[in-house]
Amino acid sequence: MTVYPFAKAAQPPINSLGHAGFDGLIGKKATLVVRLKGANNYHNPHSYDYVRWKALNGQIASGYVKQWIVTDGDCSGVNWPEIWIAKVRQQLWQDLQNYAHSKHIKKMTVALWGGLVLGQSSALNSQQWQVLAATGTTHLLVISGLHVGLVAVLVMLIVRLMLLPFNIKSSLGIRLGAWSGLIAALFFALISGFGLPAQRAVIMLTGLMWGFMWGLQLSFTQRLFIAFFVTLVLQPTSVSSLGFWLSYTAVFALGLVWYRGASRAWWSRVMHLLAAQGALSVLLLPVIAIGTGHVSVLGPLVNMILVPLFSAVLIPTLLLVSIVLRFVDLPNFFFIVIDITLSTLWQGLEFLSEISWAQIFVGSLPIEGFVSVLITGCLCLIIRRWHWPILFLWLPLAGFMIFELARNNALDHGVDNSQQRVVITVLDVGQGLSVWVRQGKHNMVYDLGNSYKSGFSLVDAVILPEMLAQGVTKLETLVVSHWDMDHSGGMEEMLKRQNVQQLILPSESKITREPVFTHQDVEVSRCVTKPWEKMWLTASNSLMWRQIALADYGLTGNNASCVILLDIHGRQVLIAGDIESKAESVLLAKLDQLDISTLSSDVLIAPHHGSKTSSTKAFLAQVMPAYVLISAGKNNPYGHPHKRSTHNYWQSGAQWYNTGRHGQIRLVFETNGDYQVTPYKK
């Protein structure tokens, strides 16, 4: 691929399904116009370490393709097997979609089918991946050891059955089956994209089948050690991957039970395997929690049911049907059964994911919980015959821990509640805005940062982790200042993931963005100019607020942002949204009409990220802030905050902080009127 920064390019072709058609372009040269930028972290105490994740995956920069053009030449320097495999994989995926379209199969069924058989993870959107994460079933839709191993086992069984009539020696039959299974597993891994999990699975499978292929008498632990060593030699960087340790821990734990079971009866083996699956789920919980920051409470139970179902029924069936479809056209009955089965399973997962405690943030868990889970999992694997008694003994302890966690969250830090302390946090959401106001158990969020077509959302990456770390599971009020994506992008995600009681939408309507409420008990209104009122109906008068709707004066867009004025223990805070100089002038001119005695505020949340079109000297002269807090992304392309605005802040006597430089900014207002401004980065 050759990249020219100023090349003119045509748009990609469109096929009959309305999607960009790349299937006929694999192996062709393409010239791309791209925009790249290096990774930056969001500096909040509980935010996702994005830079570390990019480094572990070998990514230097990310971006998007602005334009592209396909030339007539073929790719040079690329091995033909890679091109051939890519073409075959694309053709299989296209055929599956065509079959689904002709048989009227649901889109969700096709996405699951493609993920399970071809590793087409891009067929699922971000919300669907969140359902899998909440139920602890993400691994089922990633081509890994489970899928690759199943292909090997199926082919081995088929080969052994085919060799039975020829009376071939048992040892030779085992070796032929092992070689056939390994070759089939390798081919499947290549067709499914040959990602890192699939590569690791092939190496592990080769190590485990080493003795079978060469007729060597190797123990299970010896085979696993060989696979472990080879993986480190071929993929040395995988040692820093969470998947590396999860996969080898899982195989070791299952092998510990399966290969050394006391009984050879099939029902005993099945019971041992189910028990091992339950114990393994418990054992891996602390590892998953540390690696991802969240843990699915329902994951162990769901996996005990779905892993055997997927392993023994769904994946083999889908693989066989996919292969047969390459040669003959199956009756509609097969597709109806598959559609109903996968749709029903998905509806069940969606139902479970909507349970409020289905997924919890690990920062809310006591250290005793991690210790008890780790000890229980180890005991279940060491004392193999007593899996179920140990698991049942652990369940009351787990229930008690969850109850205590819920009770502590309900108490919600009673000291702060009794003191009526108010905490305002300007979260670092990059080039956007999100302000969190908290008083005891009461919470309000003003704006939600951006969300992107890729599915990445600042609600998931920043806002929810910060709230969950404090045990917050309910929002009294959610305010969306205006419809720009860097302020409203995370609205749908927040409404889905958090219990919101009151939603205040922008003054201007936008039908394409406004949510449709069918099952949620949310009070919806628009930003309108109101007199002073208590923010929380059950609280004292220590926190008052008022909304100012500048759209009432003919302003639109940024200038119609919902402006919020807070009175906290006698201190005043002004949240100005994205208003610019025009709106600032209107606001100053209408003070008497708005019945506002003064705009003088101790803290100003900077209008429009400190742009040069805002924060005029006249406006700052009226507000007279001691502090100006700016929410702007590091190295953002707009040049926010502009040096003209920061100069005006200095001239007005205000000290300013910028999230792009200082990270999250926290204000704490005590009951006596004292307050403190603390940036995350000094």
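Across all non-hydrogen atoms, the minimal contact from A185 to V148 is CB-CG1, 3.6 Å. Across all non-hydrogen atoms, the minimal contact from A100 to V110 is CB-CG2, 3.1 Å. For the residue pair L154 and P316, the shortest heavy atom distance occurs at CD1-CB, 3.7 Å. Minimum heavy-atom separation, V202 to A189: CG2-CB, 3.7 Å.
Two residues are said to be in side-chain contact when any heavy atoms from C-beta on lie closer than 4.5 Å; Q498 and V459 fail this criterion. Under the 4.5 Å side-chain criterion, counting only non-hydrogen atoms from C-beta, L330 is in contact with V321. With contacts defined as side-chain heavy-atom distances shorter than 4.5 Å, the pair L116/L319 does not qualify. Between L458 and Y452 there is a side-chain heavy-atom pair separated by less than 4.5 Å. With contacts defined as side-chain heavy-atom distances shorter than 4.5 Å, the pair L349/L306 qualifies. Side-chain contact between V472 and L468: absent, with no pair of heavy atoms (C-beta onward) separated by less than 4.5 Å. A heavy-atom distance below 4.5 Å is not found between the side chains of N499 and T473. Residues L342 and W346 fail the side-chain proximity criterion, which asks for heavy atoms closer than 4.5 Å.
Screening residues 332-352 for salt bridge (Lys or Arg N to Asp or Glu O under 4.0 Å) gives K106-D339 as the qualifying pairs, with residues at least two apart or on separate chains.
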* **Residue pair D460, S457: steps toward the side-chain contact (heavy atoms from CB on, under 4.5 Å) verdict** => CA-CA 5 Å; D460 288 325; S457 169; 4.1 Å; yes
* V302 and T137: side-chain contact (heavy atoms from CB on, under 4.5 Å), yes or no, with the steps? -> CA-CA 8 Å; V302 173; T137 53; 3.6 Å; yes
* Would M494 and M467 count as a side-chain contact (heavy atoms from CB on, under 4.5 Å) if you check the C-alpha gap in whole Å, the side-chain angles of each, and the deciding distance to 0.1 Å? -> CA-CA 11 Å; M494 179 64 82; M467 299 180 71; 4.3 Å; yes
* **Working for side-chain contact (heavy atoms from CB on, under 4.5 Å), residues L182 and L186** => CA-CA 6 Å; L182 181 61; L186 177 60; 5.7 Å; no
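For M156, the side-chain contact (heavy atoms from CB on, under 4.5 Å) partners two or more places apart in sequence, or in a different chain, are M209.
Rounding to the nearest 0.5 Å places CG of L325 at 4.5 Å from CZ of F335. We find the CH2-CD1 distance between W113 and I315 to be 13.5 Å, quoted to the nearest 0.5 Å. The CE atom of M485 sits 3.5 Å away from atom OG of S451, with the distance rounded to the nearest 0.5 Å. Put simply, CE on M108 and CD on Q347 are 11.0 Å apart, with the number rounded to the nearest 0.5 Å. One finds the CD atom of Q501 at 5.0 Å from the NZ atom of K474 (value rounded to the nearest 0.5 Å). With values rounded to the nearest 0.5 angstrom, I323 atom CD1 is found 11.0 Å from L318 atom CG.
Within the 3.5 Å criterion, the main-chain N or O of S488 finds a donor-acceptor partner in the side chain of R513. Of the possible donor and acceptor atoms, none in the side chain of S353 sits under 3.5 Å from a partner among the backbone N and O of V131.
In summary, the side chains of T109 and S343 do present a donor paired with an acceptor at a separation below 3.5 Å, with no hydrogens or angles considered.
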